[in-house]
Chemist: 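Pasting a structure below so you can have a look.
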Amino acid sequence: MNTNNIPEQILGRIKPGPAEQQRMQEVARRIISLVDRAAAGTGLTDISGMLVGSAARGTWISCEHDLDIFISFPEDTPKQDLKAVGLNIARQVAANADNSEERYAEHPYVHAVFDDFEVDLVPCFRVDSAAQIKSAVDRTPFHNLFILDRIEGLEDEVLLLKQFMKGAGVYGSDLRTGGFSGYLAELLVIHYGSFMEVLQAADSWKPGVTIDIIEHGNKQHNDPLVMVDPTDPARNVAAALTLDKFAGFVDRARQYLDSPAIELFFPSLSTRLSDSGFDNITSNRGTFLMALVFGKPDVVEDVLYPQLFMLHNSITDLLSRNRFTVLNGDVWAGDRETAVVLELEVWRLPPVNKHTGPPVWEKTHAEKFKQKYIEYRGFSEIYIENGRYVVDIQRKYTDAADLLRNEIHSCRLGRNVGESIKLGFKILQGSELLELDNQGFREFLTGFFHLN
Ligand code: UTP
Ligand code: MN
Ligand code: MN
């Protein structure tokens, strides 16, 4: 295989041809005119539709028809008007779509499907500079201007980088992925000059690496990668990037620099763990699996996943405070159910719990401890070890699943996850996990054991 022309081969697969590009522009134009027509009917002036995002910058990947269309309002529009009128316009536009739904970020917006185009209709304020934004989405038009100014001739490099990031599983700044956004990929290419130069730079990145293209940053960030937003000196474009996605990209870049291969641009197909595969793996590993399962809250992923991650951390803390040890853990969400899955190294503990008290010479504490345990019918009398009082008492939870079942309500539960758990939950143990007879869950398990 000739590895010199890998980028050309990839581009041959992911770069939209003239017909696809033309169709994208036509659909965008049509929807923008629908926005403008609906805006004219509101009685308010100076509201207009604008195309932003990768479709406006020639940095979109073939067959990914994501149109980001903003409904831009004058800056002095009251916030409630922008919300109400913006939503009203978006709904009128969406009336022409195949289907649509309202979604909630900082402000409500509408996601609509026109043929094979996924369209976001997002109301925003037209402010003078990104430093004066009134909501987070108001930055986007400034991103657009900055990128359009410098991207000419580099579009293919961006396509390669985005596709490479997809292959590495690190593309997407949604809170579930915690990866690189499209805008971040564009800025990396602008800064380093090309796809290959981004990879070469990443080879020696360390957490904390900072890029400030126009050298105007005015704030400290404690993130693995800091890309100061050229349109806003206080913001890190890479704020959503997690340490592991950062490291995953560095690792993958090195792999490509060592031996370039087409496969690195495409995620490997996820395989489903079979019943027997599961039994083999768990018995060989000798660990114990348990899953807290509850109904999936009806909220968008950017709301759901942070709550699931928080629950996962909180459960891990609960277990380790009680001397159970967690080897691996992750969260999963299917269509209707959600789970926190844990693999335990220690899941059963003996009834006896060695309870250590204060040093003998701390007189007040020592007396209190003795008073408390003098009548206690445990496994031992009070004794002294390493200068401290100790007593062997009854352990409250000898079984990790019992602990979880009884103490789940003391965990930090986000609002929606909390409501759902209150309605009911179950704890599956060992091969009971296979009761979640969902193909997505079987794929999740393959990933859980790092088998692909
Ligand atoms: P998109 O998520 O649609 O990204 O956000 P994109 O740049 O168009 O890339 P792809 O090709 O669809 O994946 C649209 C715009 O919203 C802003 C950016 O300006 C982006 O171009 N945005 C989005 C951010 O600034 N940060 C984000 O995390 C997401
Ligand atoms: Mn987009
Ligand atoms: Mn989008």
Side-chain angles (χ1 to χ4, degrees), residues 14-16 20-21 24-25 27-28 31 49-72 90 100-101 103 105-107 109-114 116-125 127 130 133 135-151 154-190 213 223 225-232 234-242 245 267 300-302 305-306:
I14 66 166
K15 188 178 167 147
E20 193 182 359
Q21 288 192 30
M24 183 80 142
Q25 294 310 319
V27 175
I31 295 169
M50 66 190 292
L51 178 64
V52 296
S54 60
R57 303 167 188 162
T59 53
W60 53 283
I61 288 174
S62 175
C63 296
E64 287 183 12
H65 296 168
D66 175 60
L67 282 173
D68 304 297
I69 291 178
F70 278 37
I71 307 167
S72 159
S100 67
E101 64 178 19
R103 292 185 180 172
E106 208 177 316
H107 293 306
Y109 67 99
V110 171
H111 181 82
V113 181
F114 290 78
D116 54 336
F117 286 81
E118 304 269 335
V119 185
D120 287 326
L121 297 156
V122 185
C124 75
F125 289 105
V127 293
I133 57 164
S135 76
V137 296
D138 302 343
R139 269 194 209 99
T140 302
F142 294 97
H143 295 167
N144 225 35
L145 292 175
F146 185 87
I147 300 293
L148 281 172
D149 244 10
R150 327 208 168 195
I151 204 68
L154 296 174
E155 293 90 341
D156 288 357
E157 304 296 320
V158 174
L159 293 180
L160 289 168
L161 183 58
K162 281 191 181 182
Q163 188 63 44
F164 185 78
M165 288 172 163
K166 284 176 188 239
V170 302
Y171 184 72
S173 59
D174 56 280
L175 298 176
R176 174 186 186 180
T177 311
F180 294 75
S181 67
Y183 179 50
L184 178 54
E186 291 165 332
L187 292 174
L188 287 169
V189 166
I190 287 170
I213 297 177
D223 296 316
L225 171 63
V226 180
M227 171 67 81
V228 179
D229 192 337
T231 74
D232 184 344
R235 180 175 176 264
N236 176 15
V237 177
L241 180 65
T242 65
K245 298 289 160 145
V300 295
E301 290 199 337
D302 270 2
Y305 275 87

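Counting convention: from 1, in listed order, for ligands and their atoms alike.
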Chemist: Any atoms of ligand 1 less than 4.0 Å from a non-hydrogen atom of Tyr171? List them with their elements.
Modeler: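 The list of qualifying atoms is 9 (O), 10 (P), 11 (O), 13 (O).
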Chemist: The test is side-chain contact (heavy atoms from CB on, under 4.5 Å); show your working for Tyr183 and Arg57 and say whether it passes.
Modeler: CA-CA 10 Å; Tyr183 179 50; Arg57 303 167 188 162; 4.3 Å; yes
Chemist: Tell me whether the Mn ion (ligand 2) has Asp66 as a neighbour, meaning an N, O or S atom of it below 2.8 Å.
Modeler: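 Yes - counting backbone and side chain alike, Asp66 has an N, O or S atom under 2.8 Å.
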Chemist: Which residue and non-hydrogen atom of the protein lie closest to atom 17 (C) of ligand 1, and at what distance in Å?
Modeler: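 The closest heavy atom on the protein side is Thr140 OG1, 3.5 Å.
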Chemist: How does Arg57 reach ligand 1, if at all, at less than 4.0 Å between non-hydrogen atoms: by side chain, backbone, both, or neither?
Modeler: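 Just the side chain.
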Chemist: Do His143 and Phe146 have side-chain heavy atoms sitting under 4.5 Å apart?
Modeler: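 No, side chains not in contact.
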Chemist: Decide yes or no for Leu145 and Asp149: does some side-chain heavy atom of the first lie under 4.5 Å from some side-chain heavy atom of the second?
Modeler: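 In short, these two side chains do not touch, never coming nearer than 4.5 Å.
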Chemist: Side chains of Tyr305 and Asp174 only: does a donor on one sit below 3.5 Å from an acceptor on the other?
Modeler: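 Distance-only check fails for Tyr305 and Asp174.
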Chemist: Could you check whether any side-chain heavy atom of Phe180 comes within less than 4.5 Å of a side-chain heavy atom of Leu225, counting everything from C-beta outward?
Modeler: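 Yes, their side chains come closer than 4.5 Å.
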Chemist: Considering only the protein, which heavy-atom contact is closest to atom 8 (O) of ligand 1, and what is its distance?
Modeler: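 Ranked first by proximity to atom 8 (O) of ligand 1 is Ser54 N, 2.8 Å.
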Chemist: Which of the listed options, Ala240, Ala185, Ser173, holds the heavy atom that is closest to atom 29 (C) of ligand 1?
Modeler: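 Closest candidate by heavy-atom distance is Ser173.
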Chemist: Distance below 4.0 Å between atom 15 (C) of ligand 1 and any protein heavy atom?
Modeler: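 Yes, there is one.
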Chemist: Please determine if Glu64 and Lys166 form a salt bridge, counting it only when a charged side-chain N lies under 4.0 Å from a carboxylate O.
Modeler: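 Looking at Glu64 and Lys166, the cut-off is met.
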Chemist: Can you confirm whether Lys162 sits close enough to Trp60 that some side-chain heavy atom of one is under 4.5 Å from a side-chain heavy atom of the other?
Modeler: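 No. Closest side-chain heavy atoms not under 4.5 Å.
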Chemist: So, taking the atom named CG in Leu159 and the one named OG1 in Thr59, what distance separates them when rounded to the nearest 0.5 Å?
Modeler: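 Leu159 CG to Thr59 OG1: 7.0 Å, rounded to 0.5 Å.
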Chemist: One residue to check: Arg139. Relative to ligand 1, which of side chain, backbone, both or neither has a non-hydrogen atom less than 4.0 Å away?
Modeler: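 The answer is neither; Arg139 stays 4.0 Å or more away.
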Chemist: Measuring from the Mn ion (ligand 3), name the closest N, O or S atom belonging to Asp68.
Modeler: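 Of all N, O or S atoms belonging to Asp68, OD1 is the one nearest the Mn ion (ligand 3).
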Chemist: Output the list of atoms in ligand 1 that are nearer than 4.0 Å to some heavy atom of Gly53, sorted by atom number.
Modeler: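 With Gly53 as reference, the close atoms of ligand 1 come out as 8 (O), 21 (O).
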Chemist: Based purely on interatomic distance, does Ser181 place a nitrogen or oxygen under 3.5 Å from a nitrogen or oxygen of ligand 1?
Modeler: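 In fact, backbone or side chain, Ser181 has no N or O that close.
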Chemist: Measure the acute angle between the ring planes of Phe125 and His107, then classify it against the limits of 30° and 60° as parallel, tilted or perpendicular.
Modeler: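 Rings of Phe125 and His107: perpendicular, over 60°.
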Chemist: If the test is side-chain contact (heavy atoms from CB on, under 4.5 Å), which one of Asp68, Ile133, Val52, Thr231 qualifies with Thr140?
Modeler: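 Single pass found, and it is Val52.
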Chemist: Do protein heavy atoms approach atom 19 (O) of ligand 1 to less than 4.0 Å?
Modeler: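 Yes.
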Chemist: Any heavy atom of Glu186 closer to ligand 1 than 4.0 angstrom?
Modeler: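 So Glu186 does not count as touching ligand 1.
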Chemist: Starting from atom 24 (C) of ligand 1, which protein heavy atom do you reach first, and at what distance in Å?
Modeler: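 The closest heavy atom on the protein side is His143 CE1, 4.3 Å.
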Chemist: Atom 4 (O) of ligand 1: protein heavy atom closer than 4.0 Å?
Modeler: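 Not a single protein heavy atom is under 4.0 Å away.
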Chemist: Is any side-chain heavy atom of Leu188 less than 4.5 Å from a side-chain heavy atom of Leu161?
Modeler: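 The answer is yes; the side chains approach within 4.5 Å.
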Chemist: Starting from atom 1 (P) of ligand 1, locate the nearest protein heavy atom and write down its residue, its atom name and how far away it is, to 0.1 Å.
Modeler: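 Its nearest protein heavy-atom neighbour is Asp68 OD2, 4.1 Å.
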Chemist: Any idea which protein heavy atom is nearest atom 26 (N) of ligand 1, and the distance to it?
Modeler: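 Ranking protein heavy atoms by distance from atom 26 (N) of ligand 1, first comes Arg235 NH2, 4.0 Å.
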Chemist: Yes or no: does Asp66 have any heavy atom under 4.0 Å from an atom of ligand 1?
Modeler: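 Asp66: in contact with ligand 1 (<4.0 Å).
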